[in-house]
Amino acid sequence: MGLHSRDPILLTPGPLTTSLETKAAMLRDWGSWDTAFNAVTANVRRRLLDVVDGHATHVCVPMQGSGTFSVEAAVNTTVPRDGHLLVLINGAYGKRLAKLAQMMGRRVSAFETADDVPTTAEDVDRLLAGDASVTHVALIHCETSTGILNPLPAIAATVARHGRRLVVDAMSSFGALPIDVSAMPIDTLIAASGKCIEGPPGMGFVIVRRSTLEGCEGRSSSLALDLYDQWAYMEKTTQWRYTPPTHVVVAFNAALEQFVAEGGQPARLARYTANGAALVAGMQALGLRAFLEPGIQAPIIYTFHAPADPAYEFRRFYAEVRDRGFVLYPGKLTQLETFRVGCIGAIGPSEMRQAVLAIGDALRAMGIRTVSPAVARAA
Ligand SMILES: Cc1ncc(COP(=O)(O)O)c(C=O)c1O
């Protein structure tokens, strides 16, 4: 145990460190029928559409649960039962999307590249030209399992040129990276409260083209995750269909207010970019090497090669760094020993520099001399 009882700073991709104002918003109780609470829900929905300039064409449907619940709801409601979904995969979240679509009985094709290779618009062009039966394409914008950025604008344009529909998992990019549904042809966009808007976890949301959702009645095979029903009920009553996560909704609303006050998406991207730069510079000085090339890295979460030293063991490393006030994230690669460091949340570059000091100190405490990785960067 460390000497301090205060919370560690979370360098994880959600739950993440939230501001005091966001935490304080959770200190009140709300009734789900209360008009004041339902006005907060309406505010959240409006503000989320503001972020992607979606008011003219799209609607925002919040959904209880973690991000995956919203991905399931979106796929199950917007992809027809006889649809054919092409999933573009370069990490665990792409695999998860393909799996859940398959479990719902949708026809699924997967196009998989290595963890450090983005899908390109040329790949998508070739795949769609070769298979006229594909109706929908699913893309993970920032694949959080490594932090790799897939080229959303070019892929969206290609999917639209082929007359197919695009489902985007923007879970870890929404609010930080530019997404404009008035300019990019995106049918369905999914994210959650506890990511780059910096709210607590507990609800997701789907921003979906109004004309698409209007045609989705009765399509979902799940009662709880029926996005059409959730939307229709909310439009009719202003209320959530089933028990809302009230404290999460009001805290998310507070986080959205702070997001706007900070300067919206460009300001958030600037802060996360500064966080990432401080992190990478500090880690390089320690001898730790990033897994991805800088050109394909999103400033959200970074994967680092683990030190080659036999004294390295992630659990001990995690505990040592945590005792120094920072929570890291394990790697998600099967072939390589890695760990991840998130740079999103209510933190700035000075917290990142302190995190690097804590990491260096932890490595010394573990007696690690060989900090550089055993394995060369995966090609
Ligand atoms: C890209 C992506 N998709 C989906 C999810 C949803 O995961 P969960 O249900 O654990 O919130 C996450 C969470 O980190 C994510 O980063």
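We count ligands from 1, going down the list as the structure has it; atoms in each ligand are counted the same way.
- Applying the 4.0 Å criterion to heavy atoms of T68 picks out, from ligand 1, the atoms 6 (C), 7 (O), 8 (P), 9 (O).
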S172 and K195: side chain to side chain donor-acceptor pair (under 3.5 Å), yes or no, with the steps? CA-CA 6 Å; S172 63; K195 306 284 181 192; over 6 Å; no
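- Minimum heavy-atom separation, N275 to I347: ND2-O, 3.2 Å.
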For a salt bridge (charged side-chain N to carboxylate O under 4.0 Å, His left out) check, start with the C-alpha distance between D309 and R369, then their side-chain angles and the critical distance, and finish with the verdict. CA-CA 7 Å; D309 200 293; R369 294 207 182 83; 6.0 Å; no
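- Residue nearest to atom 11 (O) of ligand 1, selected from G67, A92, P201, C142: G67 (by heavy-atom distance).
- Here is the list of ligand 1 atoms found below 4.0 Å of a heavy atom in R96: 6 (C), 7 (O), 8 (P), 9 (O), 10 (O).
- Classification of the Y228-W231 ring pair by plane angle, with boundaries at 30° and 60°, yields perpendicular.
- Under 4.0 Å from ligand 1, the heavy atoms of K195 that appear belong solely to its side chain.
- Under 4.0 angstrom from ligand 1, there are no non-hydrogen atoms of H141.
- Residue contacts with ligand 1 for D169 involve side-chain atoms from C-beta outward but no N, CA, C or O (heavy atoms, distance under 4.0 Å).
- Per-residue contacts place S66 under 4.0 angstrom from the following atoms of ligand 1 (heavy atoms of the residue considered): 8 (P), 9 (O), 11 (O).
- With atom 1 (C) of ligand 1 as the reference point, the heavy atom nearest to it among T144, I301, V71, T12 is part of T144.
- Contact annotation for I140 and ligand 1: only side-chain heavy atoms (C-beta onward) come within less than 4.0 Å of the ligand.
- Considering backbone and side-chain N/O of M171, none are found under 3.5 Å from N/O of ligand 1.
- In this structure the side chain of L48 reaches within 4.5 angstrom of the side chain of V44, judged on heavy atoms.
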Evaluation steps, side chain to side chain donor-acceptor pair (under 3.5 Å), between D123 and T120: CA-CA 5 Å; D123 291 330; T120 65; 3.1 Å; yes
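- Atom CZ of R126 is surrounded by more than 12 heavy atoms from other residues, nucleotides or ligands within 6.0 Å.
- An N or O contact shorter than 3.5 Å is missing between S172 and ligand 1 by distance.
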Evaluation steps, side chain to side chain donor-acceptor pair (under 3.5 Å), between W240 and S32: CA-CA 8 Å; W240 292 61; S32 58; over 6 Å; no
